[in-house]
There are 2 protein chains.
Amino acid sequence: MDDRKQLILRAIIREYIGKVEPVSSKNITGRYGLDVSSATVRNEMSCLERMGYIEQPHTSAGRIPSEMGYRYYVDYLMEKYRLAIREKQAIENRLDERVDKLESLLQKAGEILSELTNYPSIVSEPTMTQKRYRHFKLVEINDTMALLVIVLDDSSIKNYQINLVGRLKEEDYKTISNILNDRLAGQDISGINSGMLPDWGYQSLNDKLVMEDILRALANVVDQDNVHNIHISGTLNIFNQPEFKDIEKVRGLLNFFEQQKSLQKLVESGREGISYRIGEEVPLDNLEGLSVITSTYCVNGKPVGTIGVIGPTRMDYSKSSTLLEKISENLGISLIRLMK
Amino acid sequence: MDDRKQLILRAIIREYIGKVEPVSSKNITGRYGLDVSSATVRNEMSCLERMGYIEQPHTSAGRIPSEMGYRYYVDYLMEKYRLAIREKQAIENRLDERVDKLESLLQKAGEILSELTNYPSIVSEPTMTQKRYRHFKLVEINDTMALLVIVLDDSSIKNYQINLVGRLKEEDYKTISNILNDRLAGQDISGINSGMLPDWGYQSLNDKLVMEDILRALANVVDQDNVHNIHISGTLNIFNQPEFKDIEKVRGLLNFFEQQKSLQKLVESGREGISYRIGEEVPLDNLEGLSVITSTYCVNGKPVGTIGVIGPTRMDYSKSSTLLEKISENLGISLIRLMK
DNA sequence: TTTAGCACTCAATCGTTTTGAGTGCTAAAA
DNA sequence: TTTTAGCACTCAAAACGATTGAGTGCTAAA
């Protein structure tokens with residue numbers, strides 16, 4: 001692939017991304033640094049087609065990039081997109097606003113990403129590995145109910161209602177809190193899971209019942225922690241994409257967006273850092289003509305989650321990936337602040 | 001409007017609801033108890049059209065019901081739909097399953113409604129009026145943070161993290177809990193709202209700061225309580241409706257579904273009990289050809305929220321309203337159980 | 001190696017014709 | 001007075017055919 005062919009391939013892709021119409025030889029001559037006649041371009045095009053980088057919808061039409069063409073573009077030809085000042089500011093402002101809940105932060109990140117790219121976006125909840133218990137406190141509420149307060153080492157507080165089988169005396173609350181603190185403080189939360197509750201040997205049946213209720217609540221912490229919901233925003237942006245004029249295509253994609261499992265698969269199969277998956281490379285049968293760009297976001301240098309955009313194969317890879325980089329970076333920063 | 005006209009109008013509507021194609025005179029003769037020739041039916045139809053109950057898309061087409069026609073049908077002609085056993089069971093089973101969270105329950109109600117009707121559904125969160133504080137407890141977490149536990153008279157427990165400005169001694173926690181219990185237990189929660197925090201006269205600046213943080217948390221209880229989110233499910237069902245072949249229509253409706261405000265308006269404007277709003281009667285500009293059936297659901301005989309379906313004007317009013325009645329009744333029952 | 005020129009292709013557009021479902025009206029039958 | 005058979009009429013939708021024009025591939029000269 002010589003220089004001029006590269007120039008032409010890039011021109012075709014840029015043009016097609018913008019107009020979403022087959023690109024003719026005449027269209028790109030005199031631009032994109034191509035000071036040759038359309039006939040010359042046609043010869044090159046014919047060659048590029050034989051090489052598999054572009055294709056022709058029908059004989060008398062222009063060319064459109066093939067998936068292989070996009071891949072080559074992303075790997076070798078793509079120029080860096082310069083963020084507009086207002087884009088940069090929008091990202092920083094929006095992700096800097098004080099938010100109290102993790103969900104809201106992820107939601108916001110997804111929204112701004114969708115807004116700026118015009119594509120639907122997905123954000124996976126962060127996997128915070130290695131959380132430990134720091135402190136326990138069982139609080140009296142009334143005769144039949146207590147509240148278990150758990151502080152984790154990232155300072156987050158969780159609490160669970162415990163229905164009491166028998167009545168507890170005031171000192172019992174302290175005793176139980178102490179037992180929990182002695183046994184579990186500093187331990188990894190995955191130690192207690194619903195698969196197998198430990199047997200600590202109890203003095204009475206009542207002790208056993210109460211403590212097992214509590215342990216079940218602790219198991220809940222882990223279980224809930226392992227459900228990594230995936231948020232999706234800007235789904236209606238697909239209506240802005242000319243390739244989604246067909247109602248069945250829209251339906252298929254929107255339907256896909258409602259399936260947590262498929263989204264999960266999509267997110268989990270992405271590589272660390274920025275990952276481009278183009279057309280067939282997207283690990284989803286029954287959805288064609290789509291590309292996915294994902295980026296992992298990091299806390300303290302470690303990737304903990306994924307954020308990405310979904311668009312037609314002819315999406316604006318350059319702009320999207322730059323925005324994605326910036327947003328995932330800022331998301332990481334906000335996340336650290338949120339957890340402090 | 002004589003008997004035969006009613007018979008014919010009902011026949012046209014039933015037929016149109018099923019086939020979604022203009023109904024011809026020949027089509028309904030010999031059925032629906034119409035033992036007359038098509039010519040006779042034609043005469044009657046022509047009359048019904050002059051009266052405004054049906055209309056003709058173009059000269060050589062059959063008739064379709066007008067909005068006025070649907071209104072007449074709903075008010076006078078509609079026959080009661082008999083629930084299939086599997087429908088009844090599906091509703092009872094699904095709403096009987098133990099759920100712990102209010103949101104999940106509403107979600108479920110919406111889902112089953114959408115599933116059985118094939119239309120999108122909306123469910124508003126219940127307005128629980130007149131909640132009172134029952135009990136307070138301020139719990140020590142660490143030097144910089146405390147947890148405020150609030151028990152309401154419906155036994156629900158809420159809790160808020162309080163960031164401490166200064167350090168508190170162990171007895172302070174008890175003192176503050178006591179003050180709150182003395183002053184507020186038994187009071188209506190709307191007494192403390194973010195509009196105006198009470199000034200209780202404090203001994204020191206620190207006391208003041210701590211207590212005001214707490215009061216702000218209490219105000220939150222009310223504020224959060226006043227946000228009545230509206231859940232929507234089964235949105236993709238609109239793809240099953242032949243009137244939504246047009247992409248722009250789909251887009252408009254899906255877009256509408258994302259606007260909490262509009263949904264709120266829709267829910268709040270419904271009357272108590274079952275309410276049918278047909279076409280123009282729906283209080284939403286820029287959305288045409290839609291009908292909405294809503295039903296209030298009750299706790300202890302009092303309507304506390306709304307559940308409903310949204311469909312094309314030619315929706316199956318009979319089936320939908322019967323399902324809606326049944327589901328809203330069961331939702332009320334489950335709700336009472338959930339709060340106990 | 002490049003390019004002007006020309007024949008060729010084919011989707012898309014436009015206009016015309018055909019088709020058939022369904023009506024309205026009329027005049028005879030009930 | 002009401003019902004109905006019969007027939008002319010209407011019009012959207014389908015089928016067909018002709019036209020257009022953007023864009024190509026190829027060839028022969030620059």
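The chains referred to below are lettered A, B, ... by the order of the sequence lines, with proteins before strands, and numbering in each begins at 1.
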If you round to the nearest 0.5 Å, how far is NZ of Lys261(A) from CG of Leu266(A)? 15.5 Å
For dT24(D), what is the paired nucleotide under Watson-Crick or G-U wobble rules, both distances under 3.5 Å? dA7(C)
Ser114(B) and Ser121(B): side-chain donor and acceptor closer than 3.5 Å? yes
Once you round it to whole Å, what is the distance between P of dT1(C) and CG of Asp35(A)? 19 Å
So which one's nearest nucleotide on DNA chain D is more toward 5', His58(B) or Ala39(B)? Ala39(B)
Classify the side-chain pair Tyr276(A)/Glu281(A) by whether it contains a donor and acceptor separated by less than 3.5 Å. no
Just call it for Thr40(B): base, sugar-phosphate, or nothing, with non-hydrogen atoms closer than 4.0 Å on any strand. base
Take the protein atom CZ of Arg42(A) and the nucleotide atom C1' of dG5(C), then report the distance between them rounded to whole Å. 10 Å
Distance-only donor-acceptor test (3.5 Å): side chain Ser60(A), base dT9(C): yes
What is the separation between atom NZ on Lys26(A) and atom P on dT3(C), rounded to the nearest whole Å? 15 Å
Least distance between heavy atoms, Tyr119(A) atom then Asn237(A) atom: O-ND2, 3.6 Å
Check every strand shown and say whether Ser38(B) touches a base, only sugar-phosphate, or nothing at a heavy-atom separation below 4.0 Å. nothing
